[in-house]
Amino acid sequence: MATAAAIQIGIPDAYLQLSPAEWTERITAAKAALGERLLILGHHYQKDEVIQFADLTGDSFKLARLAAENRTAEYIVFCGVHFMAETADILTGDHQRVILPDLNAGCSMADMANPDEVEECWQLVQETFGDTTIPITYVNSAAVLKAFCGQRGGAVCTSSNARKILDWAFHNGDRVLFFPDEHLGRNTALAMGLADRELVVYNQRTASFEWLPGQSPEDVRVILWKGFCSVHQRFQPAQVQALRDQYPGIRVIVHPECNHDVVAAADQFGSTEYIISQIEAAPAGTVWAIGTEVNLVHRLAKQHPEQTILSLNPIVCPCTTMSRISPYHLTWALESLRRGEVVNQISVPNAIAVWAKRALDTMLTIA
Ligand code: 13P
Ligand code: SF4
C-alpha cells in the first residue's frame with residue numbers, strides 16, 4: 001500500500017506498446033466488467049485521452065465531495081494527483097479502496113510544505129502572535145498536514161471555497177496560518193478586503209517572516225507560507241496586457257494560484273470548475289484568455305467552437321505530474337482490478353486519517 005512519496009515501479013512493457021485503439025478497447029472492457037464496483041474520478045487537468053474514461057469529473061472540491069458521497073464503489077480509481085487520492089481515501093469508507101494509476105503523480109506545490117517545517121513555523125507563530133491562530137491548509141498538501149490542521153482546530157480549503165473557510169477562521173481566531181500556497185492565500189485575503197500590511201509571508205527556507213517595512217505582528221491577520229505552483233507561475237501581467245491590446249473586449253479568467261498582479265489584471269478568477277462554468281455561461285462570440293493548466297484550456301477551446309478561447313500564456317505549460325496518468329497506466333490499473341489484484345492503493349494510516357478527516361469535514365460542512 002502506498003502512503004506518501006511512493007515511487008511508481010515500472011508497469012509491464014506490454015502496456016506501453018498499446019495503440020490508442022487497443023487501450024480504448026481494453027479500458028472499456030475492464031470498466032464494463034467491473035460495473036458499479038468501479039468509479040473513475042477525473043480532475044479537469046487530465047489529458048483528453050484519460051479524462052474521456054472518467055465517470056465523474058471536477059475540481060478538487062467537487063471530487064472530494066463526490067468521493068465522500070459515494071458508498072457503493074469498491075474501487076475508486078483517481079485520475080488526478082496524490083493529494084487528491086489521499087483526500088478520497090480519507091473521505092471514503094473502509095470497504096472502499098482508492099487507486100492512483102501512477103504513484104509519481106504528485107504535486108510540486110504540495111511538496112513545498114513538510115511536517116517538520118510546518119511544526120517549526122507553528123512554534124514561531126505561537127511565540128510571535130500568541131495562540132490565537134487558526135491553521136488552514138490548501139487541499140494541495142499531504143494528509144499529515146491536513147491532520148496537523150484538524151488537531152489544532154483548523155480546516156482544509158480548496159480554490160473554490162478559500163474565502164468561506166477564511167471567513168470561518170476569522171470567526172474562530174484572530175489570524176490564520178495559510179499553507180502551502182502563498183498566492184491562493186493572498187488573492188483570497190485581498191478579495192475579502194484585507195490590506196497588504198495585514199499579510200506577512202513566512203519563508204520556510206529561512207524559517208523567518210518577511211516583514212513589510214514598518215509592519216508589526218499586531219497588523220497581521222494572515223501568515224502566508226512561501227509556496228507556489230510552478231504551472232501558474234508561468235502567467236504574467238504583461239501577457240494579459242498583450243492579449244487585451246490584440247483582442248479588445250477579451251475576457252481574462254485565471255486560477256487563484258496565479259500571482260496577485262496577474263489576478264488583479266484579470267477580469268475574473270476562480271477554481272477550474274468556476275472557470276468552466278463561466279465559459280459555459282458566456283454568449284457565443286466571446287473571446288477568452290484563460291490562465292490555468294493547458295489541457296483544460298485546450299479542451300474548453302475544442303468544446304466551445306462558438307467562442308474564441310486562448311491560453312493566457314502562448315507557450316504551452318502542462319502540469320507534468322497530472323500528465324503522469326496515462327492510458328497505459330489506467331489500462332494496467334483497471335485490468336489488475338479486474339483480476340482481483342489491487343495495485344497502487346493509496347491508504348492513509350488511521351492515526352493521520354482521523355485528524356485529517358476532521359479538517360476535511362470542517363470544510364465540507366462550511367462550503
Ligand atoms: P482546482 O481545485 O481549482 O481544480 O485546482 C486544483 C489544482 O491543483 C490547481 O493547480
Ligand atoms: Fe500541483 Fe500546480 Fe499541478 Fe495543480 S497545477 S497539481 S498545484 S503542480
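When a residue number appears, it is its place in the shown sequence, counting from 1. All of these numbers come straight from a predicted model, not from anything done at the bench. For ligands, and for the atoms within them, numbers begin at 1 and follow the listed sequence.
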Contact table, ligand 1 N/O with protein N/O, distance under 3.5 Å:
from, atom 1, to, atom 2, distance (Å)
ligand 1, 2 (O), Ser60, N, 3.0
ligand 1, 2 (O), Ser60, OG, 2.7
ligand 1, 2 (O), Ser159, OG, 3.4
ligand 1, 3 (O), Ser159, OG, 2.7
ligand 1, 3 (O), His255, NE2, 2.8
ligand 1, 3 (O), Thr272, N, 3.0
ligand 1, 4 (O), His43, NE2, 2.6
ligand 1, 4 (O), Thr272, OG1, 2.6
ligand 1, 5 (O), His255, NE2, 3.2
ligand 1, 8 (O), Asn140, ND2, 3.2
ligand 1, 10 (O), Glu257, OE1, 2.8
ligand 1, 10 (O), Glu257, OE2, 3.1

Flag, side chain of [X] to backbone of [Y], donor-acceptor distance under 3.5 Å:
X	Y	result
Gln278	Ile275	no
Arg197	Gly214	yes
Asn187	Cys258	yes

Test ring pair (Phe, Tyr, Trp, His ring centres under 6.0 Å) applied to Phe83 - qualifying residues, sequence neighbours left out:
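Scan of Phe83 (ring pair (Phe, Tyr, Trp, His ring centres under 6.0 Å), adjacent residues dropped) gives none.
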
Check: Trp122 ring centroid to Phe148 ring centroid under 6.0 Å
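Centroid separation for Trp122 and Phe148: below 6.0 Å.
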
If only protein N, O or S atoms under 2.8 Å count, total around atom 1 (Fe) of ligand 2:
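N, O or S atoms of the protein closer than 2.8 Å: 1.
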
Closest heavy-atom pair and its distance - Pro180, Ala110
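Looking at all heavy atoms of both residues, the closest pair is CG-CA, 4.5 Å.
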
Taking all atoms of both residues into account, what is the closest heavy-atom pair of Phe78 and Ala85, and its distance?
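Answer, listing the atom of Phe78 first, then Ala85: CD1-CA, 4.0 Å.
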
May I have all residue pairs that pass side-chain hydrogen bond (donor to acceptor under 3.5 Å, both in side chains) and include part of residues 356-367, sequence neighbours excluded?
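Passing the test, one end in residues 356-367: Lys357-Asp361.
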
Give the ring-plane orientation class for Phe129 versus Trp211, where under 30° counts as parallel, over 60° as perpendicular and anything between as tilted.
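The arrangement is tilted - the two ring planes meet at 30° to 60°.
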
Which ligand 2 atoms does Glu257 reach within 4.0 Å, using its non-hydrogen atoms?
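That gives atoms 2 (Fe), 7 (S) of ligand 2.
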
Side chain, backbone, both or neither: which part of Glu293 comes within less than 4.0 Å of ligand 2 when only heavy atoms are counted?
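The answer is neither.
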
Quick one: which of Asn313, Asp181, Thr292, Asn259 gives a side-chain hydrogen bond (donor to acceptor under 3.5 Å, both in side chains) with His232?
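That would be Thr292.
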
